[in-house]
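We use all heavy atoms of the structure for the numbers below, so side chains are in, but hydrogens, waters and symmetry mates are not.
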Amino acid sequence: MSEMHPDRASYEVIWDKVISEEISNYQTVYTNCIELIPNIKEEIWEKYVSLNNHCKSNYMRASVVRLDRHKVAACYMIAIATLRPMRFTKKIDGRDIPLAINETLAITVGLSIVRAFAIAAIQENGDITQEDKDSLMKKFDDGIRVPDSVLVNHGAYIDNYANELFFTISEGSINVLSIAHELYLLEVITKMS
């Protein structure tokens, strides 16, 4: 197989359909308040490739294998959250600046990647009927499910997850495998719903 991994063509799709779109959404909500880091698209790509290669070299039996969808999504999430590509240039209508805006972007990207890959895996599964495929894919119609606030007990799950990313990155204790494990469990919750 002559495919290169990490795959730049896949990144172009992720950039166009998810990352760039979400950044535009933030820029619309916070008009004239957000500045992007220089060369943002290439910076995210380079950080992602570095994390992907680190993961393969340090955690996989063979460094030439492809990472599973959870590790790929975790690498993207960490790349975005560590680069902090969006910077606020001023206060917003007198309100405080949201603490974890880049981390929330990272989560959106990560969950979108897991969802897309999960659906593709279901579609390609030759061991189940089309009826079972349709039933499984339907579970992803509303995206990846996260625990309801009632189950969280203190705040919204996504806000807590974003804060977790912010603090673990700030402390230098973020780990691809841990984030991948969380993404795996969220996919399982979605499949079981």
Flag the pair [X] / [Y] as yes when at least one side-chain heavy-atom distance between them is below 4.5 Å, and no otherwise.
X	Y	result
T168	I179	no
T190	V114	no
S10	V72	no
L67	P6	no
Y48	I14	no
I158	L111	yes
L36	Q27	yes

Next on the checklist: Is there a path of hydrophobic side-chain contacts, each under 4.5 Å between heavy atoms of I/L/V/M/F/W/Y residues, joining V13 to V18?
Outcome noted: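 Different clusters.
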Rounded to the nearest 0.5 Å, what separates atom [atom1] in [X] from atom [atom2] in [Y]?
X	Y	atom1	atom2	answer
I174	E164	CD1	CD	6.5 Å
L165	N160	CG	CG	11.0 Å
I107	I144	CD1	CD1	13.0 Å
F117	L183	CZ	CG	12.5 Å
H181	H70	NE2	NE2	10.0 Å
D16	Y11	CG	OH	9.5 Å

Checklist entry - Considering all heavy atoms of both residues, which atom of F140 and which atom of L136 are nearest to each other, and what is their separation? => result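 Distance-wise, the nearest heavy atoms are CD1-O, 3.4 Å.
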Looking at [Y], is its backbone amide N or carbonyl O close enough to the side chain of [X] to form a donor-acceptor pair, meaning the two atoms are under 3.5 Å apart?
X	Y	result
N125	A121	no
D68	K71	yes
K139	S193	yes
S135	E131	no

Next on the checklist: Does anything in residues 104-113 form a side-chain hydrogen bond (donor to acceptor under 3.5 Å, both in side chains)? List the pairs, not counting sequence neighbours.
Outcome noted: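 Those involving residues 104-113 do not exist here.
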Checklist entry - Is there a side chain to side chain donor-acceptor pair (under 3.5 Å) between D134 and Q130 once you walk through the steps? => result CA-CA 6 Å; D134 293 341; Q130 187 59 47; 2.8 Å; yes
Next on the checklist: I'd like to know whether the aromatic ring centres of F88 and Y30 sit less than 6.0 Å apart in this structure.
Outcome noted: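 Yes.
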Next on the checklist: With a sphere of 6.0 Å drawn around CG of D141, does it hold more than 12 non-hydrogen atoms of other residues, nucleotides or ligands?
Outcome noted: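 Count over threshold, so yes.
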Checklist entry - What's in the same ILVMFWY side-chain cluster as V188, cut-off under 4.5 Å, chained through other members? => result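 Once heavy-atom contacts under 4.5 Å are chained together, V188 belongs with Y184, L185, M192.
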Item to check | Counterpart residues, salt bridge (charged side-chain N to carboxylate O under 4.0 Å, His left out), relative to D127 (two or more places apart) | outcome: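 By the salt bridge (charged side-chain N to carboxylate O under 4.0 Å, His left out) rule, D127 matches no residue at all.
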Next on the checklist: Filter on salt bridge (Lys or Arg N to Asp or Glu O under 4.0 Å), then keep only pairs touching residues 175-189, sequence neighbours left out; what's left?
Outcome noted: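 Only R69-E187, E187-K191 qualify under salt bridge (Lys or Arg N to Asp or Glu O under 4.0 Å).
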Next on the checklist: By the salt bridge (Lys or Arg N to Asp or Glu O under 4.0 Å) test, which pairs, at least two apart or in different chains, include something from residues 30-47?
Outcome noted: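 Listed once each, the pairs are R8-E42, E12-K41.
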Checklist entry - Would you say the side chains of N25 and E21 form a donor-acceptor pair under 3.5 Å? => result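 Looking only at side-chain atoms, E21 and N25 do not form any donor-acceptor pair under 3.5 Å.
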Please set out all donor-acceptor pairs under 3.5 angstrom arising from side-chain atoms of residues 73-84, sequence neighbours excluded.
from : atom 1 : to   : atom 2 : distance (Å)
T82  : OG1    : I78  : O      : 2.7
T82  : OG1    : A79  : O      : 3.3
R84  : NE     : E103 : OE2    : 3.4
R84  : NH2    : S170 : OG     : 3.4

